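Below is one structure, written out as structure tokens, with a few remarks after it.
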Amino acid sequence: SSQSFAELVQGRNLIHLATHAVFNAEDPFQSFLEFGASASHRVQLVDVLGLDLAGSTAVLSACSTAETDWKRVFDPVSLTSAFLAAGCHEVLGTLWAVDDSSTAVLMSELYRLVLDESLSWREALRRVQLAALRGETLRPPGVSSARGPFAQARVSTRKTSLTSPLRWGAFTLSRAM
């Protein structure tokens, strides 16, 4: 429920959501994050607007979280903009549907750069996207012995080409002014 979601995310410095998202082009305020099969497991964009996420960073590792109806130039509404309006100082989102296994590899490298090398989210995303474009390996050495939540994804994408911008170009970082 939106109440449970609010309790889980408020007061956190980092919010990582790896889930399903739906952008509603007809009525962007009806866009939502989905955490289960029933409507009761959805968090609507309007629910996010009511949260206090001051100072948080949100990583929305889901499809179309930064997508907006570009015909609404003066009123761009997306899940990403809702998290910014709720107080997040930066939000990583996606402009279109993203592949789960490629996303897991990209997220693994992104977090390695942010946590292990102390890079900013902006610089880490830039480096990950450039590495993907160049066809560089985005997995640490020893894929088969990798640990952590992304280990299985690293193994399953061993033969997946990440050079296509469709696999990494959707990720964008938005910051509050």
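Bear in mind the structure is a predicted one, so any value in this text is a computation, not a measurement.
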Side-chain heavy atoms under 4.5 angstrom apart, residues restricted to Ile, Leu, Val, Met, Phe, Trp, Tyr: same cluster for [X] and [Y]?
X      : Y      : value
Trp168 : Trp121 : yes
Leu119 : Leu173 : yes
Phe32  : Leu8   : no
Leu53  : Phe35  : yes
Val128 : Leu115 : yes

Looking at every non-hydrogen atom in both residues, tell me the closest pair between [X] and [Y] and how far apart they are.
X      : Y      : value
Leu45  : Leu79  : CD1-N, 3.8 Å
Ser174 : Thr80  : OG-CG2, 3.7 Å
Ala62  : Thr19  : CB-O, 3.0 Å
Ala97  : Cys63  : CA-SG, 3.5 Å
Val114 : Ala124 : CG2-CB, 3.6 Å

Which distance, rounded to the nearest 0.5 Å, do you find between the [atom1] of [X] and the [atom2] of [Y]?
X      : Y      : atom1 : atom2 : result
Leu110 : Gln129 : CG    : CD    : 9.0 Å
Ser81  : Leu49  : OG    : CG    : 7.5 Å
Thr57  : Arg175 : OG1   : CZ    : 8.5 Å
Ser61  : Asp100 : OG    : CG    : 8.0 Å
Tyr111 : Leu14  : OH    : CG    : 4.5 Å
Asp47  : Leu33  : CG    : CG    : 9.5 Å

Q | CG (Asp116) with more than 12 external heavy atoms under 6.0 Å | A |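 Enclosed.
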
Can you tell me if [X] uses its side chain to pair, donor with acceptor, with the backbone of [Y] under 3.5 Å?
X      : Y      : answer
Ser64  : Leu95  : no
His89  : Gly55  : yes
Ser164 : Leu166 : yes
Thr172 : Gly93  : no
Ser102 : Asp99  : no

Q. Going through the distances and angles, do Arg167 and Val105 end up as a side chain to side chain contact (heavy atoms under 4.5 Å, CB included)?
A. CA-CA 10 Å; Arg167 298 200 177 268; Val105 171; over 6 Å; no

Q) When you look at Arg127 and Glu123, which way does the side chain to side chain contact (heavy atoms under 4.5 Å, CB included) test go after all the steps? A) CA-CA 6 Å; Arg127 286 191 188 184; Glu123 180 60 18; 2.9 Å; yes

Q: Scan Leu17, Val48, Val9, Leu51 and name whichever one has a side chain to side chain contact (heavy atoms under 4.5 Å, CB included) with Val43.
A: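 Testing each of Leu17, Val48, Val9, Leu51 against Val43, the sole residue satisfying side chain to side chain contact (heavy atoms under 4.5 Å, CB included) is Val48.
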
Q) Angle class for the Phe83/Phe5 ring planes (parallel below 30°, perpendicular above 60°, tilted otherwise)? A)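 Ring orientation, 0 to 90° scale: perpendicular.
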
Q: Evaluate the ring pair (Phe, Tyr, Trp, His ring centres under 6.0 Å) criterion for residues Trp96 and Phe171: first the C-alpha distance (whole Å), next the side-chain angles of each, then the deciding distance (0.1 Å), finally the verdict.
A: CA-CA 9 Å; Trp96 58 79; Phe171 293 91; 8.8 Å; no

Q: May I have the step-by-step check of side chain to side chain contact (heavy atoms under 4.5 Å, CB included) for Glu34 and His41, ending in yes or no?
A: CA-CA 6 Å; Glu34 189 170 53; His41 295 118; 5.6 Å; no

Q: Show the numbers, then the answer: is there a side chain to side chain contact (heavy atoms under 4.5 Å, CB included) between Asn24 and Gln44?
A: CA-CA 11 Å; Asn24 184 329; Gln44 301 285 113; over 6 Å; no

Q: Could you check if a side-chain atom of Arg126 sits within less than 4.5 angstrom of a side-chain atom of Leu113, using non-hydrogen atoms only?
A: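 Of all side-chain heavy-atom pairs linking Leu113 with Arg126, none is under 4.5 Å.
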
